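Numbered from 1 within each chain, the chains take letters A, B, ... in sequence-line order. Just so it is clear, the model here is predicted, and its values are computed rather than measured.
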There are 2 protein chains.
Amino acid sequence: MGESSDPTNLQELARHLGISVTTVSRVLSGQARRFRISKQTEERIQTAAAQFGVRPDPIGASLRLGRTRTIGLIVPDVANPFFAAFAQGIERRFRKEGYAVLLCDSAEDADVEAELLRVMLSRKAEGLIIAPVGQKLGAVSALVETTVPVVLMDRIFPDLPFPMVATDNIAAAKEAVHHLTGRGHRRIACLRGLEGSFPDGERFKGFQAALKEAGIPLTDCPMAGGDYTAATAAKATRDIFQNAKPKNRPTAIIPFGGQITLGLLESLHALNLSVPEAVSVVAFDEQPWSSLVSPPLTTVAQPVEEMARLAASRLLEVLAGKVHARENRLEVLKAKIVSRESVRTIS
Amino acid sequence: MGESSDPTNLQELARHLGISVTTVSRVLSGQARRFRISKQTEERIQTAAAQFGVRPDPIGASLRLGRTRTIGLIVPDVANPFFAAFAQGIERRFRKEGYAVLLCDSAEDADVEAELLRVMLSRKAEGLIIAPVGQKLGAVSALVETTVPVVLMDRIFPDLPFPMVATDNIAAAKEAVHHLTGRGHRRIACLRGLEGSFPDGERFKGFQAALKEAGIPLTDCPMAGGDYTAATAAKATRDIFQNAKPKNRPTAIIPFGGQITLGLLESLHALNLSVPEAVSVVAFDEQPWSSLVSPPLTTVAQPVEEMARLAASRLLEVLAGKVHARENRLEVLKAKIVSRESVRTIS
DNA sequence: TTGAAAGCGCTAACAA
DNA sequence: TTGTTAGCGCTTTCAA
């Protein structure tokens, strides 16, 4: 009789088989060989475990080992295709390695980010991949005091002792400008991203440098914006084009982000300014729709998939103990200009 | 001397203060009032906890309580703006409630989904929100055997005893057709989504029903496709338009998804078929770029934010014990036609 | 080759 | 109003 129900954990499975928990644990965590468990015992345990669907409870293991097999990923906006693609790459890779990922959206808000960091630390995430909200060294720099492996991406802080993955934004912006100057443009505006954020700063540096090289006075090149939203970009676009006399009007513009491009196109449409006849556009961040708007957009494409791969690898290396966690190592990737039809040649 | 370092957990904090762990636990978990802890003791504990940054370790708590304050979210493709927006809404809401979200991407693969489900169960997610990969009752139906609260969205299985949130896809498709027949179209194609998936089935039902109502023979209305990818849609588009004699060619087409629309537009472009002159389009799923392609697209907009809100609320209700977890309750939301310029009127 | 027992950090039952 | 203690499920040290 003694009707005992199915075993649900190692404890019960052990009792069920008349074996010690230790042995069961060893077998189910793949350590059978190391402890020279007899083939027969191993077999019995494996079979029974499969039969009852018993797996070691990760929470118990976490408590014991201090390892959660969980990593945290924080991006400022999952709905942005750039970050969505990045998140997808990260999640895929870590799942393959047996990690789960806690994904959080900081909504471009430093306070949210700080809270998120606290949450992830208290949940004992074993590693963190972060695209910081940008601007001044925020909550992220406090991570230096901890020992969690951290990898920064995109919005990086180059002075922090973390592995970082970013695009060479200076070069990318320069190329964008060259693409335009090479086609006769001399008045080139830019629509800036979040003030103080790394990509914005770098892109702007590249933008300025390229203009200088081309001998174009900065005063001919209006700039506006201040964050990565479409709304701000739409307003900035109006500011630039509405009040300018046609003669002073820029003939080309470089929006510093995907959402920014959306805002730009919207305003341009409202102002009845056609692309590329009235204004040429070289847009930052290749998007799924880049080739489908009218006209198809010439873009600066960042290698997102590769960024995800690299960021994941860096973190995995640290987790594997191959690399020290507090190493200022900046991985810089090249962006590519995808040439389409939003740039006209001025003769 | 007795140089003891800073307390890092409730245990040590208690010792540090000469108080029992119990009291510390009670205060730090906000139960001070319930146990009538003296204001003074509470104060001391709170201060010290803040000073040393001591918080209850969620893992210890999980093990003890069997509650992880974690929910699992599975979508077939985070890079799809529809699901990205949904995920964003879910994450935001649950964070506010003190839950973390384990986000996983099933990549439209039933095996991956099954594995994901196992992972989430073994990690003791307290609730699951799932947009199943679709097609036949898969791993999701096995969840009936468990007790985890589950909410299904979009790709639902109407017979399962779970709360579900979806758009009224039949009505939505009908409206799309009416929008076209009302403007004189009689040959209306459709580009189908994943075969056997709920939204595809419903949309197709609505599509057929509306045609029948309008007295249009189905034979005049080609349909192709078979999943939600751009590639399949591009091929399907070619199949429909390349081989049809101009007279038999549909004058309008309804793509059943965002990626599908991308593929459609790409092929239409390649075939030199302009919208709306050659073909009118009413596209499923409003996208960030819908208003920016040329011409701006008339779309069927699902209320994603509301879907996220609703799904979250349903799950939260179950978690709060207000509602039974195994209730077949289908929440149906209305989609809206967003009328833009991709439909021409045939006289 | 296997096992007994301790302990990770927490909360709740029970006691005072 | 506060404290003692058991135990959640696991892995590992030590012992056999």
Check whether any side-chain N or O of [X] sits under 4.0 Å from OP1 or OP2 of [N], and answer yes or no.
X       : N      : result
A:Ser29 : D:dC10 : no
A:Ser38 : C:dT2  : yes
A:Ser20 : C:dT2  : no

Rounded to whole angstroms, how far apart are [atom1] on [X] and [atom2] on [N]?
X        : N      : atom1 : atom2 : value
A:Glu43  : C:dT1  : CD    : P     : 16 Å
A:Arg33  : C:dT2  : CZ    : P     : 15 Å
A:Leu63  : C:dG7  : CG    : P     : 14 Å
B:Ile59  : C:dT11 : CD1   : P     : 13 Å
B:Arg123 : D:dG9  : CZ    : P     : 18 Å

Sugar-phosphate, base or nothing in reach of B:Thr41, heavy atoms under 4.0 Å: sugar-phosphate
Between B:Gln88 and A:Asp77: side-chain donor-acceptor atoms closer than 3.5 Å: yes
Residues in ring-ring contact (aromatic ring centres under 6.0 Å, His included) contact with B:Phe162, at least two apart in sequence or another chain: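 With sequence neighbours excluded, B:Phe162 shows a ring-ring contact (aromatic ring centres under 6.0 Å, His included) to no residue whatsoever.
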For nucleotides 12-16 of chain C, list the nitrogen or oxygen atoms of the protein found under 3.5 Å from its nitrogen or oxygen atoms, one pair per line.
residue, atom, partner, partner atom, Å
C:dA12, O4', B:Arg64, NH2, 3.3
C:dA12, N6, B:Thr22, OG1, 3.1

Contacts of type side chain to side chain donor-acceptor pair (under 3.5 Å), residue B:Gln31, not counting sequence neighbours: B:Arg34
For the student: nearest non-hydrogen atoms of A:Glu91 and B:Leu103, plus distance: CG-O, 3.5 Å
Whether over 12 other heavy atoms sit under 6.0 Å from B:Glu97 CD: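 Correct, the count exceeds 12.
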B:Gln46 (side chain) donor-acceptor with B:Glu42 (main chain) under 3.5 angstrom: no
